Structures are given as structure tokens and as C-alpha cells.
Amino acid sequence: MPTRTRRRPVEAIEHRTNRSAECERRVRAALVKLSKTGAPFTVEDVCTLSGVGKTFIYDKRRPELTSTVLNARDAAQAVRAAAAEQSVDHQSASWRERATNAEALVKNLRAAISERDGRINDLTGQLYDPDGNHLAEHNAELRALVLTIGQNLHRAEAENARLRRSLDAARSNVKRERERNVTQLFSEPPPSN
């Protein structure tokens with residue numbers, strides 16, 4: 001007895017076609033939403049948002065959908081990469097200015113620390129009257145003031161240490177830039193006569 005191949009019902013084929021069109025519509029809607037955010041996204045993000053699997057997007061029967069998703073993904077990631085490159089360029093272009101500003105700030109902080117040291121010494125001397133008696137009525141106020149000044153001094157020292165690191169980095173950049181310029185000057189071939 002010969003085997004007969006079973007025919008699929010027309011309704012099942014039509015249902016599958018409609019389902020495929022609905023999935024493709026959801027993928028395109030997800031692409032629009034993700035593109036509007038301006039943030040980079042992946043194919044997995046498109047799959048998650050649209051509720052379809054990767055196999056649907058990479059299916060060879062839908063090359064236009066595959067290329068649309070991949071092009072949108074690449075464009076979104078290129079925008080983020082361009083913004084990052086612009087930020088790096090802006091930061092590296094101003095390293096000389098940052099080094100100058102850091103040196104000026106270090107100088108100001110040193111002057112502020114010297115002034116605070118003088119005030120601390122003055123306040124410490126005022127804790128006793130000329131006869132050597134302790135001034136009880138001003139003791140709590142002066143302790144609070146000394147504590148505040150000590151905290152400010154600690155913050156200033158931490159800021160000073162941070163600025164020193166920044167200054168060292170800026171000086172290193174200047175040194176590297178000078179070495180690069182010297183290398184470029186001496187690596188050029190002499191002009192021929």
C-alpha cells in the first residue's frame with residue numbers, strides 16, 4: 001500500500017502566515033521604540049521587546065527584516081561610539097588648561113591650609129587666660145570651632161592629594177607630548193637638495 005503524504009489544511013497555513021506577519025510587525029515596532037531612545041541596543045533587546053526569538057529575525061526567508069534589524073543596531077551603536085570619541089577628544093584637548101588650573105588650585109589650597117593652621121594656633125592659645133586659668137565659658141564653643149576647622153583641614157588635605165595626582169598626571173601628559181613632538185621632529189627625513 002503506497003504511503004500518501006498528508007496535505008496541510010489551508011487554515012493552518014494561513015494562520016502561520018498571519019502569525020509570521022504579526023511577529024514581523026512587532027519586530028519593526030520594537031525597532032522604532034529602541035531607535036527613539038537613542039541608546040545602543042542589541043538583537044537580543046529587539047527579541048525581548050518584540051517577543052520573538054533570534055531564529056525569526058535571522059530566518060533566511062526574511063533577509064530584508066534581518067538587514068533592517070542589523071543596520072538599526074549598528075547605527076545605534078555608532079552614535080554612542082561617536083559621542084564617546086568626541087568626549088575623549090574634548091578631554092584630551094584641554095589637558096594643558098586642566099594642568100594650569102590644578103597648579104593654581106594647589107597654590108590656593110596651600111594658602112588656605114596655612115591660614116587655618118594660624119587660626120588653630122590662635123584659638124589654642126586663647127583657651128587659657130594670662131593667669132593660666134582655663135576659660136570654661138568659651139571652652140565648648142572653641143572646641144566646636146577647632147573640630148570644624150580640623151574637618152575642613154582634612155577635606156582640604158584630601159582635595160590637595162587628589163589635585164596632586166591630577167597635577168602629576170597632567171605633567172606626565174606634558175612630558176609625553178614633548179617626547180612625541182621631539183620624536184616627530186627627528187623622525188622626519190632631512191630635506192633633499
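Here the structure is a predicted model, which is why all the values come from computation and not from measurement. The analysis underlying the following values was restricted to heavy atoms, covering all of them including side chains, and did not include hydrogens, waters or symmetry mates.
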State the [atom1]-[atom2] distance between [X] and [Y], to the nearest 0.5 angstrom.
X: Arg180; Y: Lys175; atom1: CZ; atom2: NZ; result: 15.5 Å
X: Ile120; Y: Glu115; atom1: CD1; atom2: CD; result: 11.0 Å
X: Phe56; Y: Cys47; atom1: CZ; atom2: SG; result: 10.0 Å
X: Arg110; Y: Leu105; atom1: CZ; atom2: CG; result: 11.0 Å
X: Arg176; Y: Ser172; atom1: CZ; atom2: OG; result: 4.5 Å

**Prompt:** Closest heavy-atom contact between Val52 and Cys23?
**Reply:**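 So the minimum-distance heavy-atom pair works out to CG1-CB, 3.7 Å.
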**Asked** When you check the gap from the basic side-chain N to the acidic O, do Glu22 and Arg19 get nearer than 4.0 Å?
**Response**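 Salt bridge between Glu22 and Arg19, a charged N being under 4.0 Å from a carboxylate O: no.
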**Request:** Answer whether the closest heavy-atom distance between the side chains of Phe41 and Ser35 falls below 4.5 Å.
**Result:** yes
**Remaining members of the apolar cluster that contains Ile113, side-chain heavy atoms under 4.5 Å** = Leu153
Distance-only check: which donor-acceptor pairs under 3.5 Å involve side-chain atoms of residues 64-75, not counting sequence neighbours?
unit_1, atom_1, unit_2, atom_2, d
Glu64, OE1, Arg28, NH2, 3.4
Thr66, OG1, Ile57, O, 2.4
Thr66, OG1, Arg62, O, 3.1
Ser67, OG, Pro63, O, 3.3
Ser67, OG, Glu64, O, 3.0
Thr68, OG1, Glu64, O, 2.7
Asn71, ND2, Ser67, O, 3.1

**Prompt:** With sequence neighbours left out, which residue pairs that include part of residues 36-49 fulfil the salt bridge (charged side-chain N to carboxylate O under 4.0 Å, His left out) condition?
**Reply:** Glu44-Lys54
**Message:** Is there a side chain to side chain donor-acceptor pair (under 3.5 Å) between Asn152 and Arg155? Walk through the geometry before answering.
**Reply:** CA-CA 5 Å; Asn152 289 342; Arg155 277 192 227 111; 2.7 Å; yes
